Asker: 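Got a structure here, written out as structure tokens. Questions coming.
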Amino acid sequence: MTYDVIVVGSGFSAIAVTCNLIELLPASAKIAVVGDDAGFGRGTAYRTELYLHRLNVPAGRMSLLPHHPDDFVDWLKAHERPMQAGDFASRGDYGLYVRDTLARLLRKRDGRCRVDFIKAKAAGCVERYTNTLAFHLGNGDEVAGKNVVLCLGVGNADLPVEPTGVSFSLRSRIVENPWRLSWLRRVAPSDAVCILGSGLTMIDQVLALRAHGHRGKIDVLSRRGLAPLGHARTPPAPLPIEDHTLPATISGVLKILREKSRSVADWRSVMDGLRPVTQALWQRLSNEERARFLRHALPWWNIHRHRVAPDVFAGFEKLVLDGTVRFHAGFLKSLEAEDDMLVAGYRVRAKREIAEIRAGWLVNCTGMERAGISHSPLLKEMSRFQLIVPDPLGLGIQVNAASEVTAPSRISPARLFAVGALTAGQFWEITAVPDIRVQAKAVAEEIVKVRPASDA
């Protein structure tokens, strides 16, 4: 079947695009949303039911549709979860809100375009003589579209090393995907736990362990031993920053940001002032400067830019101060078994010595893999046919400023877009809801703007 738009994916980006298209397209249009996740729109992050798992962005900036800025706060109040715009809601509630927003738009029968949700994995893509892009589906079917939007997210990063000589029973205590929360029920209160990675997922899992009755020691190993910082309980006003006043070098930008931070009462005002111009600044940087940022500045950017809700941070900080959570900086070199314990051997950062962490459990919180082509069979197939090309830094695929995929070898007039993490090479800051929702709306408007007259 041929559709006006095919949305490939089933996470937040896909639903954001779909909701905007439903609002903009006429009743004659047809949309297919292709994904193999039954919980369309909720994804891994928003499926959790543990209230301790909070959003890292205030509720007032989390509405699905940017032109309805109070929508999420209103939904919270309507569902007896009254919060102010500056409060931090639970991720589970946000997943329900996304689901309800989509359902509300689908209930509007009069004048609404057709939307088909196809629960299948897209396995391959080819250009058709009908001026469409066609996708072979895992269930044996095929769909074709005049416009296609790739909304493929990222998966969990693999373990940095393979377990050596670890028995099958002990391997069951290596948690490769911490978001499958069933593992928490098997952890005894006094078990020693080692967590690989010290980002936002680590904090989520530490608090989840405590909520499930764990009271043992938790060792956290990451390359630099850095943990995310917290939002202020009373956020300072953002310091206005003009993109054109910043140099196009990482060292120059850091120098200015440090100077500005010394002139304000709270460094967060500088980071929040930088947020609106981050994409424009990234696009001014050369590939060499972008690579320099990824090599040297990324860990510090992450802990200052992607912060934790104040009460969540306070609870986590208490565990650090009382010694329950201990940080180690180093590079994991081995993962072995000894006396029914997992032994993580690591090279201590800035030293040659090898140290060990012995634990009953090892939890992989090294984060999400980059949204490159290699993580997706579909993207690898599309790359083989040169329908997409990787961006120079391997952050995703090449797109232009309108999020349209740029692949010189394509011959079909069908338009191919990408939304979300796949476009990080062009936009960098494109993994959080406030950025993705704006991009999703812009892509939907671009699709509607250039629909052929015969389709209008």
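As the structure is a prediction and not an experimental result, all values here were calculated from the model.
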Asker: Under 3.5 Å, side chain of Ser63 to main-chain N/O of His68, donor-acceptor pair present?
Answerer: yes
Asker: So among Val148, Leu21, Val33, which one has a side chain to side chain contact (heavy atoms under 4.5 Å, CB included) with Val5?
Answerer: Leu21
Asker: Considering non-hydrogen atoms only, spot the tightest contact between Leu281 and Pro247 and give its length.
Answerer: CD1-O, 4.0 Å
Asker: Would you mind writing out the side-chain donor-acceptor pairs for residues 184-197 within the sub-3.5 Å range, not counting sequence neighbours?
Answerer:
residue: Arg186; atom: NH2; partner: Ser172; partner atom: O; Å: 3.0
residue: Asp191; atom: OD2; partner: Ala188; partner atom: N; Å: 3.0
residue: Asp191; atom: OD2; partner: Trp361; partner atom: NE1; Å: 3.0

Asker: Please examine the side chains of Val389 and Ile397, heavy atoms only from C-beta on, and report whether any two atoms are closer than 4.5 Å.
Answerer: no
Asker: According to side-chain contact (heavy atoms from CB on, under 4.5 Å), who are the partners of Thr406, at least two apart in sequence or on a separate chain?
Answerer: Gln398, Asn400
Asker: From Leu24 CG over to Cys19 SG, what is the distance, rounded to the nearest 0.5 angstrom?
Answerer: 11.0 Å
Asker: Would you give the length of the straight line joining atom CG of Leu416 to atom CG of Asn147, rounded to the nearest 0.5 angstrom?
Answerer: 9.5 Å
Asker: Is the closest side-chain heavy-atom distance between Leu274 and Leu246 below 4.5 Å?
Answerer: yes
Asker: So Gln279 and Trp428, side chain to side chain contact (heavy atoms under 4.5 Å, CB included) or not? Walk me through it.
Answerer: CA-CA 6 Å; Gln279 290 187 357; Trp428 178 241; over 6 Å; no
Asker: Where do Val175 and Asn364 land on the side chain to side chain contact (heavy atoms under 4.5 Å, CB included) test, with the steps shown first?
Answerer: CA-CA 6 Å; Val175 183; Asn364 181 20; over 6 Å; no
Asker: So do Ile256 and Leu254 actually touch side chain to side chain, heavy atoms under 4.5 Å?
Answerer: no
Asker: Quick check for you: to the nearest 0.5 Å, what is the distance between Asp322 atom CG and Glu317 atom CD?
Answerer: 11.0 Å
Asker: Got a sec, which residues hit salt bridge (charged side-chain N to carboxylate O under 4.0 Å, His left out) with Arg305, two or more places apart in sequence or on another chain?
Answerer: Glu429
Asker: Does the Asp435 side chain pair with the main chain of Thr431, one donor and one acceptor, at a distance under 3.5 Å?
Answerer: no
Asker: Is Leu207 close to His53 at the side-chain level, that is, under 4.5 Å between some pair of heavy atoms?
Answerer: no
Asker: What residue pairs, at least two apart or across chains, pass salt bridge (charged side-chain N to carboxylate O under 4.0 Å, His left out) with a residue in residues 327-349?
Answerer: Arg173-Asp340, Glu338-Arg358
Asker: Taking Tyr94 for the side chain and Met62 for the main chain, is one N or O donor matched with an acceptor at less than 3.5 Å?
Answerer: yes
Asker: Judged by atom type as modelled, is there a donor-acceptor pair below 3.5 Å linking the side chain of Thr423 to the main-chain atoms of Val419?
Answerer: no
Asker: Which atoms form the tightest heavy-atom contact between Ala14 and Ser10, and what is the distance?
Answerer: CB-N, 3.9 Å
Asker: Does any pair with a residue in residues 254-266 pass salt bridge (charged side-chain N to carboxylate O under 4.0 Å, His left out), and if so which ones, sequence neighbours excluded?
Answerer: Asp266-Arg268
Asker: Restricting to salt bridge (charged side-chain N to carboxylate O under 4.0 Å, His left out), what partner residues turn up for Arg292, sequence neighbours left out?
Answerer: Glu289
Asker: Apply ring-ring contact (aromatic ring centres under 6.0 Å, His included) to Trp183 and list each qualifying residue two or more places apart in sequence or on a separate chain.
Answerer: none
Asker: Between Val220 and Arg326, does a side chain to side chain contact (heavy atoms under 4.5 Å, CB included) hold up when you go through it step by step?
Answerer: CA-CA 6 Å; Val220 178; Arg326 301 174 294 194; over 6 Å; no
Asker: Tell me every residue that passes ring-ring contact (aromatic ring centres under 6.0 Å, His included) with His136, counting only those two or more places apart in sequence or in another chain.
Answerer: none
Asker: Checking the side chain of Arg223 only, and the main-chain atoms of Ala329 only, is there a donor and an acceptor separated by less than 3.5 Å?
Answerer: no
Asker: Can you list, pair by pair, the side-chain donor-acceptor contacts under 3.5 Å of residues 230-244, counting residues two or more places apart and other chains?
Answerer:
residue: His231; atom: NE2; partner: Asn56; partner atom: O; Å: 2.8
residue: Asp243; atom: OD1; partner: Arg284; partner atom: NH1; Å: 3.1

Asker: With sequence neighbours excluded, what pairs up with Gln426 under the side-chain contact (heavy atoms from CB on, under 4.5 Å) test?
Answerer: Gln283, Val399
Asker: Please check if the side chain of Ser198 supplies one atom and the backbone of Leu226 the other of a donor-acceptor pair under 3.5 Å.
Answerer: yes
Asker: Using a 4.5 Å cut-off on heavy atoms from C-beta on, say whether the side chain of Leu65 contacts that of Asn20.
Answerer: yes
Asker: Short question: side chain of Asp93, backbone of Ser90 - any donor-acceptor pair under 3.5 Å?
Answerer: no
Asker: Would you say the side chain of Pro163 lies within less than 4.5 Å of the side chain of Ile174, judging by non-hydrogen atoms?
Answerer: yes
Asker: Do the ring planes of Tyr97 and Phe72 sit parallel (below 30°), tilted (30 to 60°) or perpendicular (above 60°)?
Answerer: tilted
Asker: Would you mind reporting whether Phe135 and Val126 have side-chain heavy atoms less than 4.5 Å apart?
Answerer: no
Asker: Checking the side chain of His306 only, and the main-chain atoms of Asn302 only, is there a donor and an acceptor separated by less than 3.5 Å?
Answerer: no
Asker: Between Asp204 and Arg54, is there a salt bridge with N-O shorter than 4.0 Å?
Answerer: no
Asker: Closer than 3.5 angstrom, by distance alone: can the side chain of Arg215 be matched with the main-chain N or O of Arg210 as a donor-acceptor pair?
Answerer: yes
Asker: Please report the interatomic distance CD(Glu23) to OG1(Thr18), rounded to the nearest 0.5 Å.
Answerer: 12.0 Å
Asker: In Å and rounded to the nearest 0.5 Å, what is the CZ to CD distance from Phe427 to Gln439?
Answerer: 5.5 Å
Asker: Which residue pairs satisfy the salt bridge (charged side-chain N to carboxylate O under 4.0 Å, His left out) criterion with at least one member in residues 60-73, sequence neighbours excluded?
Answerer: Asp71-Arg104
Asker: Are side-chain heavy atoms of Thr249 and Val253 found at a separation under 4.5 Å?
Answerer: no
Asker: How are the rings of Phe327 and Phe316 set relative to one another: parallel (under 30°), tilted (30 to 60°) or perpendicular (over 60°)?
Answerer: perpendicular
Asker: Run Val443 and Val149 through side chain to side chain contact (heavy atoms under 4.5 Å, CB included) and show every step you take.
Answerer: CA-CA 8 Å; Val443 166; Val149 189; 4.2 Å; yes
Asker: Could you grab the distance from atom CD of Glu356 to atom OH of Tyr346, nearest 0.5 Å is fine?
Answerer: 9.5 Å
Asker: Using the salt bridge (charged side-chain N to carboxylate O under 4.0 Å, His left out) rule, collect all pairs that involve residues 380-402, keeping only residues at least two apart or in two chains.
Answerer: Glu381-Arg384
